[in-house]
**Q** 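Sharing a structure here in structure tokens format.
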Amino acid sequence: MPEPRDLPIYELEDRIVAAVRAQGRLIVQAPTGSGKSTQVPQMLLHHGLLGQGEVVVLQPRRLAARMLAKRVAEEVGTRLGDVVGYQIRLDSRVSEQTRIRFVTEGILLRQMSFDPTLRGISAIVFDEFHERHLYGDISLARALQIQQAQRPDLKIVVMSATLDTVQLKGYLAPCEVLTSQGRTFPVQVEYLSKSVDFEHDPVWAVATRECERVAARTTGDLLVFMPGAYEISRTVQDVQGSHALRGFVCFPLHGELPPDQQDRAVARYDTRKIIVSTNVAETSLTIDGVTAVVDCGLARVARYDPHRGINTLLIEKISVASSDQRAGRAGRTAPGVCVRLWTENEHARRPLQELPEVKRLDLAEVVLTLKAAGIDDIANFPWLEKPEPKSLERAETLLEDLGALHLAGLERSDNVDHAFAGTAQTRLLKITPVGRKMLRFPMHPRYARMFLAAQDYGCVRSVALMAALTQGRNFLLRNVDKRTQEARDDLFGEEHESDFFLLMRAWRYADKANYNADACRRLGIHIQGVRQVGPLYEQFLEIAQAEKLDVAEKRIDGVAVRKCVLLGFSDHLARRLDQGTLRCELVHKRKGVLARESCIQEAPLLVAAEITEIESRGEVNTLLNLCTAVEEAWLKELFPEDFSDAGGVTYDPTMRRVLARKERKFRDLVLESKQTAEEPPDGEAAAILAREVMAGNIVLTEWNEAVEQWIVRVNCLAKWWPELEVNPITDADRATLIEQICYGSHGARELKDKPVMPVLRDWLLAEQLAVLDDYLPERLVMANGRKARLTYHKEGPPVLSARIQELYGVSSKFTLGHGRVTVKIEVLAPNQRPIQVTDDLSNFWKEQYPKIKPELSRRYPRHEWR
DNA sequence: GAGCACTGC
């Protein structure tokens, strides 16, 4: 390790000190190895910039906060927790003497919300700011507000490796930018000369070929980046089967592997090594000895889709910044090579940075935090990057439904980017006493709300445990083998009411077994994950006690607990569509599939605490996880207001909690009128709708899940309420609509009822024999309706794609697939993101089959056609 | 025939 004084950052020392002193704000742009994280806080201290106060250094990861504190304490020459300390969730080493405090992002944000003057803090250093975490963005914005309004003496330093400093400089103006060099070895970056389509040439095959090439001309270890566990296992298989790579040992590396396997991947060997890893190796783990990186350029990226209110986990192309970060992994100990599995041309078209978290996560928790700080107009909060309006609206709606916000008035909106500019109003929502109470609980507002409900139902301890179980990573591994599953069934018993209960038993078991590694492995329990539960549980119980909730130990009342879950997740209600499959209908008529590891396999009605659209093996599925069975009668008990005013419209009472109550009513009315679009809507319904619109209880802004709704809405309103100003549909609207068909599963469902499917059926009838000739592939339609696979790659049958293009102005791919004989059309959104439309053609095939059977038997005699 | 990146209060 170099002497601190030799670190490149010291070249900037004088200028850093001068800038902070003059402006109170500074941006330091310096890569890994410059020493910024350890030295800049010490500079502030040693040059007397802190007065009597302390500097708080923000870190995105707990491990980093702890390690940095330890190192700086050594450099300063005091014990950890003395002059230099750290504070992370559930662990801190600080004292009265502490002047440099390393903290994780959530710690500072919470400190800000409970002490907005930041007493005792003289400076805040935002380290690794380029990662653009949600809490980092919010903390910086709040710090600026606090500096401007109350604390002009507060110093703010933002540090980062790579950064869009232009945007940030404007945001922090007046503010200087200082740049330093790093201490890493050069990495030679190579691109493919020709673009590869991973659909034809799988990513693992391409990666293995490049490994073979690069291994021959380097001497160190290889690191291969893949988007996830599945792609990793395929790559490992290919590498192990490769003749040219037979001298290498090869290890998978991802977050869900047990610790011993992770250690095995990171350990040093006598032979050369290939590690195939996810993004863990990009930021969280460093691996020594790597001199070559093979980067597939993809990652699974978590987003929150505010239009549909669900999480997504889809494979996306990584940004330039992220691929540079990956390349850098080859140059830590010696000069290195990085092979990128895309072309230089493609590289130039990639985004420079990842989208910051504010643009892609659920904002409910931070919106509540801001409201508590008295910031009611969150749209005009000084965001470094403004979130989508829909995202803010979704967060506010949820918080209102949870009782954390209430409507305090209506304001006319200046915002005119929607179809109903004339009637646009912003609902002014303020925090309620319940909302303030919820904020005491450091967790998603849904769980905080469950705590408050638990007080009424006498099950605070259970809810505390449930919240703790879901905070960290999922510790009950999926896809376990049969023996593990049997061991689980034996020990945890059969459970049919809630996946939470199963998790509780698994945790209790691990806790009783003292987190014994063998016991955990036998049951497929992730040991680091399950270890975090106990301390969190304790923390939540302490908070509950401080909030005067009754935490007495009682017998667990399953019904009470399940009702609390329903209160927290009422908008995640789902109903099984049939008993044969795991398909479910969700509120808002969306579709999803019950997780196959869920223990709620029988219940017709359930709520899912996690809804995630996941891409894997070329498919996208909406999966319902962490489910709890609920009773239909509870809905009436818990949400009586939903059952009080049907207004002449027929509802499905179990599915009617779709949006906020008023909006929901409006939506149902619109759907109702759609069926009789040529006539005015039913009188009573019309009256309610008109009244609500006029009273401003319904804000006509976003209502466009599908073409039909939009058009019907416009038609209805224009025809029967001429006093409303309605803008005609523009080309821009149309583009939005197409995008929504492509993005929204609801839109996709609507597509199914449109002429596409009939066209498809016609086409199949006319051309089925031709299809068989040209395309009938690996697996055939079996007479008994089992396994069938008929796959078109690319554009699909020309007739069909032309028709889809004509109808929707989008291009499509086409698959006629497996099992129950379903048809999938994959439509590509303007940004190339695919969405699949599926239709079940089992019955259709059943009818058609006898007609084509003779021909099939003649052409494919090797198969049995029953 | 089948489904999962990483953090954080």
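Computed over heavy atoms, backbone and side chain alike; hydrogens, waters and symmetry mates excluded. Chain A is the first sequence line, chain B the second, and so forth, proteins listed ahead of strands; every chain is numbered from 1.
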**Q** What is the separation between atom CG on A/L361 and atom C1' on B/dA5, rounded to the nearest whole Å?
**A** 13 Å

**Q** Keeping to residues at least two apart or across chains, list the side-chain hydrogen bond (donor to acceptor under 3.5 Å, both in side chains) pairs with something in residues 358-375 of chain A.
**A** A/Y135-A/E365, A/D362-A/H444, A/K371-A/E396

**Q** Does A/T104 have a side-chain nitrogen or oxygen under 4.0 Å from the phosphate oxygens OP1 or OP2 of B/dT7?
**A** no

**Q** Tell me: CZ of A/F475 to C1' of B/dC4, nearest whole Å?
**A** 17 Å

**Q** Grab the CE-C1' distance between A/M226 and B/dC4 for me, whole Å please.
**A** 17 Å

**Q** Calculate the interatomic distance between A/Q87 atom CD and B/dC9 atom C1'; express it in whole Å.
**A** 11 Å

**Q** Please work out which of the three classes, parallel, tilted or perpendicular, describes the rings of A/H572 and A/F569, given edges at 30° and 60°.
**A** tilted

**Q** Given B/dC9, is OP1 or OP2 found less than 4.0 Å from the side-chain N or O atoms of A/R62?
**A** yes

**Q** Which part of the nucleic acid, if any, lies within reach of A/A595 when heavy atoms closer than 4.0 Å are counted: base, sugar-phosphate only, or nothing?
**A** base

**Q** Across the strands shown, which category fits A/E597 at heavy-atom distances under 4.0 angstrom: base, sugar-phosphate, nothing?
**A** base

**Q** Rounded to whole angstrom units, what separation is found between the CZ atom of A/R132 and the C1' atom of B/dG8?
**A** 17 Å

**Q** Over how many whole Å does the gap from A/M443 atom CE to B/dC9 atom P extend?
**A** 13 Å

**Q** Looking at the side chain of A/V280, which of B/dT7, B/dC4, B/dC9 is the nearest nucleotide?
**A** B/dT7

**Q** Can you tell which of B/dC6, B/dC9, B/dC4 lies closest to the side chain of A/R89?
**A** B/dC9

**Q** Please report whether the ring centroid of A/Y230 lies less than 6.0 Å from that of A/W204.
**A** yes

**Q** Send over the distance from A/Q59 CD to B/dC6 P, rounded to a whole Å.
**A** 20 Å

**Q** On the nucleotide B/dC9, are OP1 or OP2 found under 4.0 Å from the side-chain N or O atoms that A/R110 carries?
**A** no

**Q** Between the side-chain atoms of A/E131 and the base atoms of B/dC6, is any donor-acceptor pair under 3.5 Å?
**A** no

**Q** Would you call A/R61-A/E131 a salt bridge at under 4.0 Å N-O?
**A** yes

**Q** Consider the side chain of A/Y135, meaning its heavy atoms from C-beta on, and name the nucleotide among B/dC6, B/dC4, B/dG8 that approaches it most closely.
**A** B/dG8

**Q** With a non-hydrogen cut-off below 4.0 angstrom, is A/I107 in contact with a base, only sugar-phosphate, or nothing?
**A** sugar-phosphate

**Q** How long is the line joining CZ of A/R61 and P of B/dC9, in whole Å?
**A** 12 Å

**Q** Considering every strand and a 4.0 Å limit on heavy-atom distances, what is the contact class for A/N474: base, sugar-phosphate, or nothing?
**A** nothing

**Q** Under 6.0 Å from the ring centre and within 45 degrees of the ring axis: does the NZ or CZ of A/R440 meet both conditions for the six-membered ring of A/F114?
**A** yes

**Q** What does A/H254 touch in the nucleic acid at a heavy-atom separation under 4.0 angstrom: a base, only the sugar-phosphate, or nothing?
**A** sugar-phosphate

**Q** Identify whether any heavy atom of A/L90 sits under 4.0 Å from a base atom; if not, whether one sits that close to sugar-phosphate; answer base, sugar-phosphate or nothing.
**A** nothing

**Q** List for me each residue that meets side chain to side chain donor-acceptor pair (under 3.5 Å) alongside A/R66, sequence neighbours excluded, and say none if there are none.
**A** none

**Q** Contact class for A/E365 (heavy atom, under 4.0 Å): base, sugar-phosphate, or nothing?
**A** base

**Q** Classify A/A302 by what it touches in the nucleic acid, base, sugar-phosphate, or nothing, heavy-atom distance under 4.0 Å.
**A** base

